[in-house]
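Both ligands and their constituent atoms are indexed starting at 1 by order of listing. The shown structure was predicted, so the numbers you read here are calculated from the model rather than taken from an experiment.
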Amino acid sequence: MLQLGTVLELLDQGGFVSGEDLATQLGVSRTMVWKQIQTLRELGYKITAHPRRGYHLVARPDKLYPWEVAKGLANQLIGRTIEYYDELPSTNQRAKELLAVVDEGTVVLAETQTAGRGRLGRSWFSPPGTGIWLSIILRPPFSPLELPKLNLLAVVALSRAVKAVLGFRPLVKWPNDLYYQDRKLSGILTDVSGEWGRLEHVILGVGINVNQRLNDFPPELRTKAGSLRMAAGRNVDRKDLLRGYLQCFEEEYFYALEHGFDRSLDYCRQYTATLGRAVEVDDGKKVYRGEAVAIADDGALIIDHDGQQTRVIAGDVQPLFDRDGPDS
Ligand code: BT5
């Protein structure tokens with residue numbers, strides 16, 4: 001597969017490249033070059049061949065092939081290895097199977113998931129070609145108590161990446177979602193393993209809706225899910241966005257390793273889809289109705305309700321009204 005990336009680089013000069021030149025530069029036979037071109041065509045690359053002038057790369061497919069994502073990505077850890085699949089039940093599940101044999105920072109990626117998972121046994125809609133469904137394998141030196149902050153960090157990195165690549169800034173919805181205009185663009189599912197008090201592995205699963213139109217979502221999601229395309233009003237290059245996300249994630253993660261999570265938490269407080277709103281919070285044991293007033297330094301949400309304040313470490317938050325209040 002590495003060779004395919006090299007062939008593409010040579011073809012990517014804009015014009016025509018002769019089979020002979022390719023063979024010389026790659027140090028292989030012309031038959032081998034032809035085979036590689038065929039493989040690229042099967043992968044969806046549009047390559048024309050002219051008898052005298054040679055090969056010409058006309059178009060690339062809309063696929064998240066590792067060599068495409070790696071182009072121009074200077075990361076030291078995150079996404080240095082990308083395990084790519086056309087289809088998986090769930091990238092988190094595959095990441096779990098690979099834990100023992102892959103390095104930290106490995107990213108497991110699938111064009112579609114047949115059994116994509118949300119939290120608490122819920123399902124995650126992951127159609128082919130329109131989203132980014134990935135898992136990042138981490139071995140962070142954090143305690144399990146820091147997981148809520150790591151979840152938020154993953155959402156912050158995505159918000160930053162969208163701002164950098166597309167120019168608008170989606171908001172962080174505590175504890176694990178990215179929202180734009182009250183629609184969910186992305187969710188995070190973290191699976192962990194380790195002994196008490198120590199995290200051995202973290203599998204950070206990230207689902208990002210990129211190019212879906214409203215009607216691509218199943219009816220039950222149409223009032224609450226959104227995509228970056230719907231927000232931007234145009235088609236979004238999934239490769240650019242994914243590269244941007246891996247860059248922002250590494251930057252945010254390295255910063256937290258060195259200085260802690262304060263910067264990520266401040267971002268959550270500033271660009272929040274949760275704070276200052278009347279909400280209903282279900283922490284799995286109890287349901288609170290009140291106002292989300294703060295995110296604490298350990299990542300917990302503070303709810304003001306019935307004349308008292310409660311800290312919630314993990315749970316589901318539903319706004320009680322639209323953004324503009326009960327009368328809108
Ligand atoms: C999440 O759960 O938001 C975590 C989603 C994580 C998905 C990624 S994709 C890669 C990796 N591999 C996996 O198998 N999973 C991860 P939660 O907060 O429980 O939200 C789930 C709820 O969101 C569902 O019950 C639906 O109501 C809604 N939902 C499902 N698919 C959605 C979608 N594509 N976009 C927006 N909302 C969706």
Open item on the list: As a quick check of understanding, evaluate side chain to side chain donor-acceptor pair (under 3.5 Å) for Tyr255 and Arg263, giving each step before the final call.
Closed with: CA-CA 8 Å; Tyr255 187 92; Arg263 193 181 79 170; 5.0 Å; no

Open item on the list: Looking at Ala225, is its backbone amide N or carbonyl O close enough to the side chain of Asn209 to form a donor-acceptor pair, meaning the two atoms are under 3.5 Å apart?
Closed with: no

Task: ring pair (Phe, Tyr, Trp, His ring centres under 6.0 Å) partners for His201, two or more places apart - done: none

For ligand 1, output the ligand-protein N/O contacts shorter than 3.5 angstrom; if there are none, return none.
residue	atom	partner	partner atom	Å
ligand 1	2 (O)	Arg119	N	3.1
ligand 1	3 (O)	Lys184	NZ	2.8
ligand 1	12 (N)	Thr91	OG1	3.1
ligand 1	12 (N)	Gln113	OE1	2.9
ligand 1	14 (O)	Ser90	OG	2.8
ligand 1	14 (O)	Arg117	N	2.7
ligand 1	15 (N)	Arg117	O	2.8
ligand 1	18 (O)	Arg119	NE	3.1
ligand 1	18 (O)	Arg119	NH2	3.1
ligand 1	18 (O)	Lys184	NZ	3.3
ligand 1	19 (O)	Arg119	N	2.9
ligand 1	19 (O)	Arg122	NE	2.7
ligand 1	19 (O)	Arg122	NH2	3.0
ligand 1	20 (O)	Lys184	NZ	3.1
ligand 1	27 (O)	Lys224	NZ	3.3
ligand 1	31 (N)	Phe125	N	2.9
ligand 1	34 (N)	Phe125	O	3.0
ligand 1	34 (N)	Asn209	OD1	3.1
ligand 1	35 (N)	Asn209	ND2	2.8

Open item on the list: So that I can tick it off, tell me whether Arg53 and Asp21 are bridged by a salt bridge, with the cut-off set at under 4.0 angstrom between side-chain N and carboxylate O.
Closed with: no

Open item on the list: If you count every heavy atom of other residues, nucleotides or ligands that lies below 6.0 Å from Lys71 atom NZ, does the total exceed 12?
Closed with: yes

Task: Residues Asp12, Arg60: salt bridge by 4.0 Å N-O rule - done: yes

